[in-house]
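Below is a structure I'd like to ask you about.
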Amino acid sequence: MTWTPDQPIVSIHNVKKAFGSLEVLKGVSMDIMKGEVICIIGPSGSGKSTLIRCINALNDIQGGSITVEGQEVHDDNLDRLELRKKVGMVFQQYNLFPHKTALENVMMAPVKVLKQNKAEVETRARELLRKVRLEGKENSYPGELSGGQQQRVAIARSLAMSPDVMLFDEVTAALDPETVKEVLVTIKDLAAEGMTCILVTHEMGFAREVADHIYFTDKGVIVEHGPPETFFDNAQDPRTKEFLSQIL
Amino acid sequence: MSRMIPGLTAPATTDMPVLLPAPTARHTPRALNFSHWLASIPPWVPFLIFTAALLWPMMALAQGTGEGKPTPLEALWRWMPFLITRGFVFTVLISVMTMLFGTVMGVFLGLGQISPVKGIRVASYWITQIFRNSPWLVLLFIVMLSFPFQVTVFGVTIPIPDWTKAVIGLGLPIMANISEIVRGAIASVPSAQWEAAESLAFTRRQTLYQIILPQCIKRMIPPWMNWYAILTMATPIVSILGVEEILNLTRQAIEAENNRPELLVPFYGFVLLIFFVYCYPIARLTIRLERKFALKL
């Protein structure tokens with residue numbers, strides 16, 4: 001089966017995941033179309049991060065299926081490298097390579113993994129750093145950058161692989177309130193350009209503003225989902241209501 | 001009066017049990033114990049001891065009948081160039097070769113300890129543990145006595161000199177310790193670095209060589225130097241097996257001077273001093289690098 005852009009770019013179907021006897025995902029399904037921005041919200045330990053880590057096979061699953069562009073992710077014969085070229089990921093703790101400058105961090109994967117021409121990659125990397133508003137920080141090491149700046153380098157690093165889907169795992173959770181905004185602006189720009197984004201976030205205002213669709217998870221299941229307006233103003237499930245009343 | 005901190009310097013304001021910070025300095029073993037100890041010696045102390053060692057036989061000689069014979073200092077002065085150029089240079093050579101052998105083998109073994117293949121991982125672990133925890137002298141004896149003194153390959157006889165066997169014998173425990181340094185340094189890199197590289201489509205091998213190892217190579221240098229200093233201090237044990245390094249040549253020199261007892265202390269004292277002069281700067285540098293690299297990270 002070949003994938004065409006009118007089909008979901010990421011399709012998650014009845015996914016089950018357990019760490020030992022602890023069931024984290026108890027049958028989660030969602031379809032994400034190309035260019036959509038999805039926000040997954042929910043209390044801690046509800047399986048949000050686990051779910052998006054399953055999308056690029058950082059975690060394995062025990063049941064169900066996940067496809068990216070029609071390709072089954074949890075297949076023993078999966079070419080993981082091919083998958084990860086398509087799916088970029090940004091982490092809560094940035095995880096930049098501390099021994100490389102911002103520019104080198106961005107350039108490394110295209111040069112070493114994709115074997116692209118170094119000069120061309122450098123031009124593109126400088127472009128990406130400008131895009132995340134880090135012009136002039138090319139030669140700074142991660143240790144010399146603020147959390148917000150590091151996170152934007154991490155976003156640029158992921159974008160350098162030209163992924164079709166971007167996963168954001170609580171990317172602002174470790175940041176100061178002042179620097180949260182600069183990272184969110186960057187993600188908003190990306191979404192506006194039509195990048196498919198799947199975000200796990202606690203920033204409700206941001207979710208409301210950029211998301212096309214919100215999923216609320218609790219205890220390993222999707223409790224409720226819908227477009228931001230209906231979700232935030234007209235939540236149906238009591239668990240959603242309780243969560244929103246605590247957070248908003 | 002200083003301010004009271006509830007729960008720490010004053011009674012707790014809560015009934016809940018409070019976990020006090022554990023005093024770390026006392027019971028945390030220092031990784032570079034040997035270098036710390038050696039580097040902490042003021043440089044003039046060994047010279048003072050050496051001077052005392054020179055004076056002692058002279059006083060002994062003044063009481064005896066030593067006419068016509070050179071004083072111990074004169075004898076030592078005459079032998080010194082030979083002991084240094086023939087003896088100590090060879091000792092250093094053995095230590096360098098041993099370190100080279102141990103490092104190359106140890107790096108492979110250390111990487112083997114984190115291999116994804118279970119068989120390699122388990123085998124590397126046990127090889128490391130066995131050689132790390134065996135007496136050096138026993139390993140040296142096994143290698144020295146079990147290796148042939150020559151091998152014949154395609155009719156060509158290649159002799160295996162004693163010092164080659166000494167390098168292998170001493171290199172085995174060094175190998176095992178380097179293996180542990182490599183394994184520990186790799187383990188000290190946060191697992192998030194592996195994940196980040198994985199999500200960027202790096203293979204395991206690429207991740208290891210381009211992301212993980214470059215980050216921990218600095219951390220390996222001080223313990224590696226520490227082991228070099230320990231090894232250098234240990235090389236005289238190869239003299240037991242007849243390798244003509246400094247200790248053996250010193251004994252021969254004393255014999256050549258008719259075994260005069262008053263020569264023992266100055267000659268062996270000189271050997272001690274020469275080891276100190278060589279290892280002391282290494283220890284100081286190790287400690288300096290350790291501090292420098294500890295700051296960055």
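Computed from heavy atoms alone, side chains included, the values below leave out hydrogens, waters and symmetry copies. Protein chains get the first letters and strands the later ones, always in sequence-line order, with residue 1 at the start of each.
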Heavy-atom donor-acceptor pair, A:Arg53 side chain to A:Asn59 backbone, under 3.5 Å: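 Checked: no pair found.
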
Atom group of B:Gln210 that falls short of 4.5 Å from chain A, counting heavy atoms: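 Contact with chain A: backbone and side chain both.
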
Carboxylate-amine/guanidinium contact A:Glu193 A:Lys188, below 4.0 Å: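 Salt bridge flag = no for A:Lys188 with A:Glu193.
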
A:Val90 versus chain B, the contacting section by heavy-atom distance below 4.5 Å: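 Answer is neither: A:Val90 stays 4.5 Å or more from chain B.
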
Check: B:Phe88 ring centroid to B:Tyr278 ring centroid under 6.0 Å: yes

Heavy-atom side-chain proximity of A:Thr196 to A:Met166 below 4.5 angstrom: no

Per-residue contact mode, A:Leu96 against chain B (heavy atom under 4.5 angstrom):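 Backbone only.
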
Check: A:Phe168 ring centroid to A:Phe91 ring centroid under 6.0 Å: no

Verdict with supporting geometry, A:Ile187 and A:Val183, side chain to side chain contact (heavy atoms under 4.5 Å, CB included): CA-CA 6 Å; A:Ile187 300 174; A:Val183 172; 4.2 Å; yes

Proximity of residues 148-162 of chain A to chain B, residues having a non-hydrogen atom under 4.5 angstrom: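 If one takes a 4.5 Å heavy-atom cut-off, the residues of residues 148-162 of chain A near chain B are A:Arg157, A:Ser158, A:Met161.
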
A:Val113 and B:Gln206, any side-chain heavy atoms less than 4.5 Å apart: yes

A:Lys115 (side chain) donor-acceptor with A:Lys112 (main chain) under 3.5 angstrom: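 Pair found, side chain donor or acceptor close to backbone of A:Lys112.
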
Donor-acceptor under 3.5 Å (A:Asp176 side chain, A:Thr179 main chain): no

Heavy-atom check, side chain of A:Val24 versus side chain of A:Lys16, under 4.5 Å: no

Options A:Met108, A:Lys85, A:Gln93, A:Lys100, ranked by heavy-atom pairs under 4.5 Å with chain B, top entry: A:Met108

A:His13 atom NE2, over 12 foreign heavy atoms within 6.0 Å: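 For A:His13, atom NE2 is not crowded (no more than 12 foreign heavy atoms under 6.0 Å).
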
Parallel, tilted or perpendicular: rings of B:Trp224 and B:Tyr228 (30°, 60°):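 B:Tyr228 and B:Trp224: parallel rings.
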
Donor-acceptor contact below 3.5 Å, side chain A:Thr217 vs main chain A:Gly220: no

ring-ring contact (aromatic ring centres under 6.0 Å, His included) against A:Tyr215, all qualifying residues, sequence neighbours excluded: A:His213, A:His225

Polar side-chain atom of A:Glu72 near backbone of A:Ser65 as donor-acceptor pair, under 3.5 Å: no

Chain A contact residues among residues 166-196 of chain B, heavy-atom distance under 4.5 Å: B:Ala192, B:Gln193, B:Glu195, B:Ala196

Per-residue contacts, residues 107-128 of chain B versus chain A, heavy atoms under 4.5 Å: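 Interface residues of residues 107-128 of chain B: none, nothing closer than 4.5 Å to chain A.
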
